[in-house]
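Worksheet for the structure shown next.
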Amino acid sequence: NIIQTRTRIESDNPTSVLLRLPSESELLNYHTKQLTGRDDPPKMASSTVSFIIIIITTVLLPSLSSQLSDLFPSNNPPPFLGKHSHPIKQPNHHQQYRYETRYFSQPLDHFSFLDLPRFRQRYLINTEHWVGPSRSGPIFLYCGNEGDIEWFAVNTGFVWDIAPRFGAMILFPEHRYYGDSMPFGSKEEAYRNATTLSYLTAEQALADFAVLITDLKKNLSAEGCPVVLFGGSYGGMLAAWMRLKYPHVAVGALASSAPILQFEDIVPPETFYNIVSNSFKRESSSCFDTIKNSWNALRSEGQKEDGLKQLSKTFHLCRELTSVQGLSDWLDSAYSYLAMVNYPYPSNFLMPLPGHPIREVCKRIDGSPAGSSILERIFNGVSVYYNYTGEVDCFQLDDDPHGMDGWNWQACTEMVMPMSSDQNTSMFPAYDWDYSAFREGCQRDFQVTPRPRWITTEFGGHDIEHVLKSFGSNIIFSNGLLDPWSGGSVLKNISETIIALITKEEDPDWLVEQRATEIKLIQGWIYNYSKKMKATFEI
């Protein structure tokens, strides 16, 4: 069942995040001041709102109650990876990551005994530094996200950095229905309808990972080798959930930017856009105001006789717009992604970007030539994200013209994460979360009805502190407070073994400190596992 090819990929060495552990009151005051500019906590609409946080992976489809409802919501919200949901060509970098590409035959449905077709799951493996089963060499498994697994492999430098120190094997299994891991033989067949897509769930993906690693360890006579899980964003959620669901398979999990609390009414739905907006406001209040006012200008221009043609020209689009919605989504994505990767150093994570990219965006918006229209200023700003290298002649708004990418399906079934935008604190058009409108969109696009409570039923989320303290162990939740997904992540220590590490992205020295903390915790997991295994063997 295994087919092998040899691959070499070169990449940057992206950073992992880290920080000291602030008190609960410091966290509340920090978020209050960042989101409102005031030191006192804001009054919430509900007294039951929890400010515990984790980090998730997508901006969902809300519904609008404002005059800009023709711009929001989109029925096809951008997934976290954007264009990286599909295979990409990697640029040449100084560091090389070497691995073998293999395929494993997986059941289509792990929870049924029907005789269904199997599919080939791709995974990447590196055993260069693995000390082997005789020395109980650990296995570092990255939980593949909603995209091509090679992209994750070359953008997860921390795993590659520490593997030699631990004598570890590195494993990157791909998430079903993404990259080359397509059931039914092709993406076209896999995405054909709700029936073929029905096997695309987080539960099935976790079962894929568990079956793969169990089979691999058996074939290598490595049953006694500890497995440590890694993941970021949706992959971070999967890593945390897998540690909870399959504690016998993995000894611990490092879950970065994993918003496991962004469901139902656990966190306020406006949190994400508030944090994004504050990142811009912190750099320049005039930049914030320009973006906030641009949505009216965008709508007004689009209503003119040749408005769509003029907008297409202003924003250098490859094809003429048929509606303002596509351009609105394009701008929304840029601002949101910029907040996610607003690092103090140049990066290539989503796009080639300078250090402090939001600062550069605001410089271009505020520094546009005299007489520039508000939309010309906006174009100058977003070009930092979409064309910082200056190599793009025109922009293609939609990389998935059929709107049937896998994440949209997941968002319309179980990954239902409510989002809204507050009129007073957000630079985005104001709208409220409207589940009824969201459900209608999912029924129209996929012929399915969302299950907004399923994730918290399956994996938990409510009363997370009590639940994790009672039933969980060996999970690190790693977050940066400026990351907009931090509003849905775990930001405080739950127990001695459920740890939250908080990073100040503007302080690179703390990144080094956090990595050291993460390494020490992982060493502890492996040591304790080996100690227990030795004691069991001696008995």
Any Lys/Arg nitrogen of [X] or [Y] sitting under 4.0 Å from an Asp/Glu carboxylate oxygen of the other?
{"X": "E320", "Y": "K309", "value": "no"}
{"X": "R444", "Y": "E440", "value": "no"}
{"X": "D366", "Y": "R377", "value": "no"}

How many angstroms lie between [atom1] in [X] and [atom2] in [Y], if you round to the nearest 0.5 Å?
{"X": "F379", "Y": "L327", "atom1": "CZ", "atom2": "CG", "result": "10.5 Å"}
{"X": "I358", "Y": "K363", "atom1": "CD1", "atom2": "NZ", "result": "13.5 Å"}
{"X": "W485", "Y": "M237", "atom1": "CH2", "atom2": "CE", "result": "9.0 Å"}
{"X": "S368", "Y": "E376", "atom1": "OG", "atom2": "CD", "result": "8.0 Å"}
{"X": "Q447", "Y": "L197", "atom1": "CD", "atom2": "CG", "result": "10.5 Å"}
{"X": "S333", "Y": "L397", "atom1": "OG", "atom2": "CG", "result": "10.0 Å"}

Within a strict 4.5 Å, meaning less than it, do heavy atoms of the [X] and [Y] side chains meet?
{"X": "C412", "Y": "D445", "value": "no"}
{"X": "F438", "Y": "P452", "value": "no"}
{"X": "R282", "Y": "L482", "value": "yes"}
{"X": "E264", "Y": "R453", "value": "yes"}
{"X": "Y335", "Y": "V382", "value": "yes"}
{"X": "L501", "Y": "F477", "value": "no"}
{"X": "H316", "Y": "N387", "value": "no"}
{"X": "E458", "Y": "I455", "value": "no"}

> Can E283 and R359 be said to form a salt bridge (Lys or Arg N to Asp or Glu O under 4.0 Å), step by step?
Replying inline: CA-CA 6 Å; E283 291 296 344; R359 182 175 301 169; 3.2 Å; yes
Side chains of [X] and [Y], donor plus acceptor under 3.5 Å:
{"X": "Y388", "Y": "E360", "value": "no"}
{"X": "N274", "Y": "T425", "value": "yes"}
{"X": "Q443", "Y": "T449", "value": "yes"}
{"X": "D434", "Y": "Y431", "value": "no"}
{"X": "N155", "Y": "Y97", "value": "no"}

>> Can you give me the closest heavy-atom contact between L317 and C394, atom names plus distance?
In response: C-CB, 4.0 Å
>> salt bridge (Lys or Arg N to Asp or Glu O under 4.0 Å) for E301 and K304? Distances and angles first, verdict last.
In response: CA-CA 6 Å; E301 185 66 30; K304 295 179 181 178; 3.2 Å; yes
Side-chain ([X]) to main-chain ([Y]) donor-acceptor, under 3.5 angstrom:
{"X": "S279", "Y": "A339", "value": "no"}
{"X": "S294", "Y": "I291", "value": "yes"}
{"X": "T517", "Y": "E513", "value": "yes"}
{"X": "Y177", "Y": "E146", "value": "no"}
{"X": "T413", "Y": "Q410", "value": "yes"}
{"X": "S328", "Y": "V324", "value": "no"}
{"X": "Y273", "Y": "D422", "value": "no"}
{"X": "N493", "Y": "I499", "value": "no"}
{"X": "E414", "Y": "W454", "value": "no"}
{"X": "E174", "Y": "S181", "value": "yes"}

> Aromatic rings W241 and F459: how do their planes relate, parallel, tilted or perpendicular, breaks at 30° and 60°?
Replying inline: parallel
> When F395 is tested against each of W330, Y385, F315 for ring pair (Phe, Tyr, Trp, His ring centres under 6.0 Å), which residue passes?
Replying inline: W330
> In this structure, which one of Y142, F230, W151, F152 forms a ring pair (Phe, Tyr, Trp, His ring centres under 6.0 Å) with F172?
Replying inline: Y142
>> Under the criterion side chain to side chain contact (heavy atoms under 4.5 Å, CB included), I'd like the reasoning laid out for S284 against F280: C-alpha separation, chi angles, the key distance, then a yes or no.
In response: CA-CA 6 Å; S284 165; F280 285 82; over 6 Å; no
> How far apart are the C-alpha atoms of K281 and D289, what are their side-chain angles, what is the distance that settles it, and do they pass the salt bridge (Lys or Arg N to Asp or Glu O under 4.0 Å) test?
Replying inline: CA-CA 8 Å; K281 193 171 188 177; D289 291 338; over 6 Å; no
>> Before you tell me yes or no, could you show the steps for H356 and Y343 under side-chain hydrogen bond (donor to acceptor under 3.5 Å, both in side chains), namely the whole-Å CA-CA distance, both residues' side-chain angles and the distance that decides it to 0.1 Å?
In response: CA-CA 6 Å; H356 299 288; Y343 307 134; over 6 Å; no
>> Using side chain to side chain contact (heavy atoms under 4.5 Å, CB included), reason through N408 and F446 one step at a time and then give a plain yes or no.
In response: CA-CA 9 Å; N408 281 343; F446 295 103; 3.8 Å; yes
> Are Y234 and W407 close enough that their ring centres sit under 6.0 Å apart?
Replying inline: yes
> Checking side chain to side chain contact (heavy atoms under 4.5 Å, CB included) for the pair M427/V276: CA distance, chi angles, key distance, verdict?
Replying inline: CA-CA 9 Å; M427 69 183 189; V276 173; 4.3 Å; yes
>> For a ring pair (Phe, Tyr, Trp, His ring centres under 6.0 Å) check, start with the C-alpha distance between W409 and Y191, then their side-chain angles and the critical distance, and finish with the verdict.
In response: CA-CA 9 Å; W409 165 266; Y191 285 33; 9.3 Å; no
